[in-house]
Amino acid sequence: MSSFLPIEALAPQLALAAGVVAALLAGMLKERPRGLLRAVAVSALLAAALLAGASLPSAHPPLLRLDRIGLCWQELFCLGALPLAVLMEEDEIPVALLFGSVLGMGLLAAAGSFLTLFLGLELMSLPAYLLVSRGRREEEAREAGLKYFFAGSTAGALFLLGMTLYYAASRSLALAPASGPLAQAGLALMGAAALFKIGAVPLHFWLPDAYEAADPEVAGFLSTSMKAAGVLLLMRLAELAPSSALARVLPAFGVMTMLAGAFLALRQQRLQRLLAYSSISHAGFMILGVGAWAAQGATGAGAAAVYYYLIAYLFMSNGAFAFLKTSGLSTRAQLRGYAQREPRLAALLAALLLSLGGVPPTAGFLAKLLILWETVRCGLYGAALAGALAALVSLGYYLALIRDAYFEPAAGQPPPAALRRHSSGERLVLLACAIPSALLGFFPWLAGGLAGVLSGL
Amino acid sequence: MSLSALWLLPAAAALLAACCGRQARAVALGAAAATLGMSLMPAWAGLDSLSRLSYAGPAWFYGIRYSVAVDGLSLPLLWLTAFLTLIVILFSWRGRFSSGYWAAFLALEAALMGVFLMRDLFFFYLFWEAALIPMFFIIGLWGSANRRHAAVKFFLFTFAGSVLMLLGFLVIVTQHHLATGVWTWDMELLKSPRPGGALGLASFLALVVGFGVKVPLVPLHTWLPDAHTEAPVGGSVMLAGVMLKMGVYGFLRVAIPFFPELCWRLLPWLGGVAAVGVIYGALCAMAQQDLKRLVAYSSVAHLGFCLLGIFSRTQEGLAGGSLQLLNHGLTTGALFLLVGALYERGHKRGLSDFGGLAGRAPWLTFFFGVSIFASIGLPGLNGFVGEFMSLAGMMVRLPVLALAGVIGVTLAAAYALPAFSAVFLAEPGEGSVSAMISDLSALEALTLAALVLPMLAIGLHPGPLLALLRSGVGGLAL
């Protein structure tokens, strides 16, 4: 049965749309029970994730196409947004914005034509600009939101231009291979838009400002779900033409991004900015993974390496930003002596940082290992060496943070924000992020299962 | 009894110790003693049946499979790890340490036991790296003045080597798959076919760097003096006693069996680097005024002897080199404990800060003397057997390198004996803290006796242990 707009293919998106309505309605209540919005937010995201998990691959031409990669990524988007849903303020507007953004990502993942792809791209980006602009430090947040908006719109325009060129070559908006110089140019422009979204060097200039001015939990969402969406976009483009110029330069972009991000993060004193640069470095690994996957014909288990990286990063990055939110710290100097004051939170932080640094037996280790392995498999030995170097440099600043928290004596009074009591939601998010980050590396078969799911076994 | 218990028990105990506050010390002691007991059980059951203990789980992902085994090489190293952990815990018994300290040592023991047990490259690497984390905290939290810098330097330096090593593993595994169509990380299966040509050379060199940082080979050794000197007593003992052995174990278990021809072809280079280490470490030790730093540099020299023996690939050299691993663990462990005891009493470590201790602290002097003589290879003590066999092995291959080793032995006497005489025999000078030095307590003396007895036993009757080691490494001989 084929209708123009198949309900069953859009079930996760419908759940999110219902969530938007529910959140806005709840906002109109005069006396809203505490935690109602949070419950709505969490349950809608979980419902969407479950619906995506229960869906089967199917095609609904011309607009939609559900494949295994798309469905897996839809779950990823919802899970990556969960910490934000728990940590955000009790206000209907940000909840609705968050749902809108995730809905756009879902659309992007289910796209069967360039039109849907573009629709998803814009739908996921617009609410994100607003989420950034609503940061607690208003001046900075507004400025960064504007900057993010302009950068994002440029990416959107690039994508449209690329789409037009591609259409000129293929005479169709369907996601189908096309050849010729026009198609190549179109792919390159659309690829640039995707790299913009991921924050690849040299298209990363907006990212540190946006991540720093946003609330930490929003930055966590941007660095996980939003990056995952950008990576998926890149994979869709690489899938169209695995041997195109775009696919072939991806490893170079990956290497550049991971090294630049790692070196730039070394000197940062503000924690949120440091994590922003570290997220650039991690994005480099993801791009390298996509490049390696494309080099193997954009089929097979290579996608599992990227997916595993995103899952691991989902826990690590959301956890690290949730730590910033929970602890109320903003600079490295304030981190000094933290382990004496808050031994438990400090232990969670150490686990998250070691995982971000890729030290065995953490999840971050297995993630980096899988990417490097794929790189070695397609013979990109130079890129693999660069990846090792980037891992080493980035470990330098993660260890420096542990050193601050554990080995340095406290310097002065903690900031007032740090003396607040931690809510149970904050503790839950931190635990739920830190424990998988620390221990997933012990279970390589999980990654094996993913490879099976993604290649349809 | 399953071999996995050897790492699971200390790991579980580490979690328990981290949670249970005051009782952590007792948990640590109990777990360390139980682990030592369990590690000795295979010897009880008969050494011919070691292969029956191995276990391999199902293949998980790209041939990664959990598999553990022991043989004549890893079993003594397991003993050494469990033994030194117990010694360290006993020696720190009276110190006021938080529960984290005991948990960290148990976690370290678990990781180190894992390294010697695992037969799958993936898990080998997992434990290899995991051992860095507790040691990082041990140095950084309980070390001396410059500990923060030393901890980060130690971690980054060894991590750099290990990442290269991991790339080497990936190349080996991928090339094996290309050649056979089978994914495996199993150490036995990967031995053939192995990558050849430039790729083979590159992955071999990556392994050499990875293991060489740990040993340490000379240009890669700069993390060692800092880490050993700044670590707390127990940390230094575990670093020098066990963690350096991981590097040599890596050569014996992975680098040489995987690339026997390359290793043979590069013998002049590899052996040359080891010989440089012997001489350079000894010369550096001679120049030290800090007793702990002196012992640290002597480790560089001693590990050079091990490598000389092992690279010679003769029966004597291999057995002697691996025996020297155990010897060095015992003697350097004892020396670090004694330096720690001196520092605890006098808060000084300089050679000129003491003097005339022989009269004040006879037991301390006795144990120090025995350990120093064992370390410089006096016949009748363990060091002699290991060094002699290592050099004898190398003599057959490249006499020049053996000669360098002999010079190294002489130099060892030239730095160890003056140090001993300055601290224990000479008249105390200006500003000496000798007056503050009391003799060892009963517990300290007991732990040191436990270290010194095996030194004597190996020195006088090395036969059984050598036979065991030979059964483990003899296959590598040419």
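Letters go in sequence order (proteins before strands), and every chain restarts at 1.
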Chain A: which of [options] shares the most heavy-atom pairs with it under 4.5 Å?
| options | answer |
| --- | --- |
| B/Val163, B/Leu126, B/Thr174 | B/Leu126 |
| B/Leu164, B/Leu199, B/Val173 | B/Leu199 |
| B/Phe123, B/Trp128, B/Phe155, B/Phe127 | B/Phe155 |

Heavy-atom proximity to chain A below 4.5 Å, by part of [X]:
| X | answer |
| --- | --- |
| B/Leu178 | neither |
| B/Leu132 | neither |
| B/Phe122 | side chain |
| B/Leu166 | side chain |
| B/Leu141 | both |
| B/Ala59 | neither |

Do the ring planes of [X] and [Y] sit parallel (below 30°), tilted (30 to 60°) or perpendicular (above 60°)?
| X | Y | answer |
| --- | --- | --- |
| A/His282 | A/Tyr309 | tilted |
| B/Phe169 | B/Phe124 | tilted |
| B/Tyr66 | B/Trp7 | tilted |
| B/Phe97 | B/Trp102 | perpendicular |
| A/Trp373 | B/Trp183 | perpendicular |

- Going through the distances and angles, do A/Tyr397 and A/Ser278 end up as a side chain to side chain donor-acceptor pair (under 3.5 Å)? CA-CA 9 Å; A/Tyr397 51 84; A/Ser278 107; 4.8 Å; no

- Please confirm whether B/Tyr125 and A/Phe365 have ring centers closer than 6.0 angstrom. yes

- Which atoms of A/Leu392 come close to chain B, meaning under 4.5 Å heavy atom to heavy atom: side chain ones, backbone ones, both, or neither? both

- Item | Rounded distance (nearest 0.5 Å) linking atom CG of A/Leu430 with atom CZ of A/Arg344 | 13.5 Å

- Inter-residue atom distance B/Met187.CE - B/Ile172.CD1, 0.5 Å rounding: 10.5 Å

- salt bridge (Lys or Arg N to Asp or Glu O under 4.0 Å) pairs touching residues 136-147 of chain B, sequence neighbours excluded, are none

- Taking 4.0 angstrom as the limit, do B/Arg148 and A/Glu408 come out as a salt bridge? yes

- For residues 378-388 of chain A against chain B, heavy atoms under 4.5 Å, the residues are A/Tyr381, A/Ala384, A/Leu385, A/Ala388

